[in-house]
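See structure below.
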Amino acid sequence: MKDKFIAYNEADPIDWLEASVQLDYGNFKRENHPLMVEPLRMAATKRGGYVGLIGSVQHIKTLTAQLVQLYGLHTSPCNAAHYDLTTDALKEFSDDKFVPLIDNTDRITSLIPDQPYRRTKLYTSTPYGYIRLLSAGIMANRNSKTLERITADESWAYEDDEGWLEQIHDRQSSFPWQWQMFLPSSGQTAGSQLDELWKKSTQRTWHVKCDCCGEEIPYIWKQPAVNGEVPPGGMRYASSKDVTSDEGVIDWVKLRESVYYQCQLCGGRVEWSAANQDKRNRQGRYIAMNDGADPDIEFYHYNAMAHVPWPELVTKWKEATIARSRGDLSKLENFVRKQLAQPWNESDYISDEVQQDGRGDYMLGEKWEADNDPLLFLTCDVQKDHFYCVVRAWCIINGVLHSRLIERERVVSVGQIRDLADKHHILQDGVRGSRVFLDGNYNTTQVQRIAAENGWQVFRGDKAADFRHSDGLRRIYAEPQYLDRGEGTVNAKNGNQYVSQVRFSKHAALSRLSLIRSIKDEDGNLVWTYASNAGSVYERQINAWQRISKTAPDGRRFYDFINRDSKNDHYGDCEQQQIVCVAMAGLVGVDGGGDDSE
């Protein structure tokens, strides 16, 4: 058995893969993986330093990590581990990818003794080394026995504040010169530990030859503006005006047909086709972009323009910008991280301008004559002996979400809330459907009872960032809880009094409200407004929560919120609830998906 190790001890990793590994198309072939060859070779052979591969999803990153582990187990076996975020993700990875890959690699299976404990779902061992699959989210996995070789998949998502990546690397302290750490990841968070490693690294970026001038260029989405003007270069496609009908409907076919790439050096037009894309990649190479790099940190970068059809990318980008125009950055973040593989910094996509004054040219109670029927919601902030109420209308106009304030009232009785809802024909049908919501964070039991009796719903603001739903998606609101307010009371004999209660992320609601208040349409008009006679009390209260810019210790800028007028923020709370209402209706933003695994 020892000869099996010696024979391949000095083998080139790519030669070893071609001789040993079978993929779904047959034996591994380097010409089928031009973007993988160089980072794989570096990750498999570099000792005492980091190797990173930052790239788009559904391509080569996770496969590269698997091949690095198999090559190492055969040629230089040791204590090794592959990390992912959760144990569930690792079990799926093991079943769908890692176990089948091992089963198809005879040079690995021949080394595994015929003992049951040698191979489990999360563990593979030979007499000389092993590979464990570990969840980075479990503290014990980040602070346990020593490891020599580590691959940490999608490390952009590791908790930076808790130092997950640093803790994992500390497990290699017993191997001061021979440790290996490979970090395959989508786009990192600006200012994170992964981002700092990238800044110090060689920054080897994928280059291809321009079809027009023959010069080597990296794919870029767009050039940064210079003196207010965007230089030539990057992805080009028709303007919104050219592909949008008078009814506000986008002609997606026309948009996709308009797509091409403009060379940033010669300005030439580069067309997309699968054949041309493959040809450019076969002639491409990684070029180091950081002259002052730390030689112990080798990072590679490519983006989806190297392997995804360009019309498909432009479609995703357009969908992301539409979501932003409706108050949600999640799709834009997903595109930047997982398609462009660029660092994500929220402040790059939010205007610093805070719209304190959003007066429209209309009066309270005035009917909104929009092309489409507006959707109305009534939201209430509950106080000890009175309520603050907001009726707001929402409507999609030319593909952009607009909103108007219809009513704002301070009322003293439940009956006045019902009258307000009846006046504007707002649905009040309890668990079967209601567009009237009460804030239940004050006197919760009493608010739930009132809502149940009147066919309304209850909102509960929460500190959570978002909530996972049963369909696997994460949203700013939780799935409804159905509570029986009559249970255990004298009302029980009169039948159940069910009420729907929905928790929501207060910070996310504030962020989306702040964003949508800053958005303007093509004519330069604010899309979120309030009546010109809404009054100074309303204006003061909707501006109680202020978005402020903060600077982290690493210099990264981020946004937070501070309540500068906590005793006078009631209408502001109503407007936050309005954001959750339209999110639940599917108008604000687009729901974010679960983890995109490769």
Side-chain angles (χ1 to χ4, degrees), residues 39-40 42-55 61-73 76-94 97-98 121-125 129-201 294 296-300 337 343 554 595 597-598:
L40 195 156
M42 181 66 72
T45 57
K46 187 172 183 62
R47 297 282 182 167
Y50 294 95
V51 178
L53 177 58
I54 298 178
K61 304 191 304 294
T62 300
L63 177 58
T64 303
Q66 294 176 77
L67 298 178
V68 167
Q69 289 285 7
L70 293 193
Y71 172 78
L73 184 61
S76 54
C78 63
N79 299 352
H82 174 82
Y83 281 87
D84 207 334
L85 273 175
T86 66
T87 302
D88 287 342
L90 286 165
K91 289 177 179 177
E92 184 178 340
F93 162 77
S94 177
K97 298 176 180 180
F98 202 46
K121 191 184 292 286
L122 303 178
Y123 179 71
T124 300
S125 73
Y130 62 77
I131 303 170
R132 292 189 185 276
L133 305 185
L134 299 175
S135 167
I138 298 175
M139 182 180 292
N141 290 342
R142 306 193 303 269
N143 299 277
S144 191
K145 298 177 182 179
T146 58
L147 295 169
E148 184 175 338
R149 180 181 301 114
I150 291 174
T151 53
D153 201 14
E154 294 298 0
S155 45
W156 71 269
Y158 294 5
E159 291 290 344
D160 209 58
D161 292 341
E162 298 178 17
W164 286 11
L165 202 56
E166 186 175 0
Q167 290 172 9
I168 291 170
H169 178 49
D170 284 345
R171 295 190 63 177
Q172 299 180 302
S173 57
S174 296
F175 305 95
W177 65 266
Q178 70 266 46
W179 61 272
Q180 294 177 282
M181 193 163 195
F182 178 51
L183 304 172
S185 179
S186 302
Q188 67 275 25
T189 299
S192 65
Q193 184 181 355
L194 188 63
D195 190 42
E196 292 304 311
L197 286 171
W198 162 258
K199 291 175 182 177
K200 297 174 184 177
S201 76
D294 183 334
D296 289 332
I297 309 176
E298 293 278 0
F299 267 63
Y300 296 80
R337 284 192 192 276
D554 55 23
D595 298 333
S597 58
E598 290 188 67

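What you see is a predicted model; the values in this text were computed from it and never measured. The figures here come from the full heavy-atom set of this structure, side chains too, leaving out hydrogens, waters and symmetry mates.
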State, with a plain yes or no, whether a side-chain heavy atom of L133 is found less than 4.5 Å away from one of K91. no
Is the backbone N or O of I54 less than 3.5 Å from a side-chain atom of Q188, with the two atoms forming a donor-acceptor pair by type? no
Between E196 and K199, is any pair of side-chain heavy atoms under 4.5 Å apart? yes
To the nearest 0.5 Å, what is the distance between CH2 on W164 and CD on E159? 5.0 Å
With Q193, which residues qualify under side-chain contact (heavy atoms from CB on, under 4.5 Å), at least two apart? D160, L165, E166
I'd like to know if the side chain of N141 pairs up with that of S135 as donor and acceptor (distance under 3.5 Å, no hydrogens or angles considered). no
Hits for side-chain contact (heavy atoms from CB on, under 4.5 Å) against Q180, two or more places apart or cross-chain, chain-then-number order -> R47, R149
Mind checking what makes salt bridge (charged side-chain N to carboxylate O under 4.0 Å, His left out) contact with R337, not counting sequence neighbours? E333
Can you tell me which residue among T151, I168, L197, V51 is in a side-chain contact (heavy atoms from CB on, under 4.5 Å) with M181? I168
Heavy-atom pair of closest approach, residues A152 and P184: O-CD, 3.3 Å
Indicate yes or no: at least one non-hydrogen side-chain atom of L183 is less than 4.5 angstrom from one of W198. no
Can you tell if the side chain of Y158 reaches within under 4.5 Å of the side chain of L85, non-hydrogen atoms only? yes
With heavy-atom distances below 4.5 Å as the criterion, would you say the side chains of L147 and Y83 are in contact? yes
Can you tell me which residue among L40, I150, D153, T64 is in a side-chain contact (heavy atoms from CB on, under 4.5 Å) with F182? T64
Qualifying residues under salt bridge (charged side-chain N to carboxylate O under 4.0 Å, His left out), relative to K121, sequence neighbours excluded: D95
Across all chains, not counting sequence neighbours, the ring pair (Phe, Tyr, Trp, His ring centres under 6.0 Å) partners of Y50 are H169, W179
How many angstroms lie between atom CE of M42 and atom CD of E298, to the nearest 0.5 angstrom? 4.0 Å
Check whether any side-chain heavy atom of R171 lies under 4.5 Å from a side-chain heavy atom of L134, and answer yes or no. yes
Once side-chain contact (heavy atoms from CB on, under 4.5 Å) is applied, do any residues pair with D296, and if so which ones, sequence neighbours excluded? K46, D294
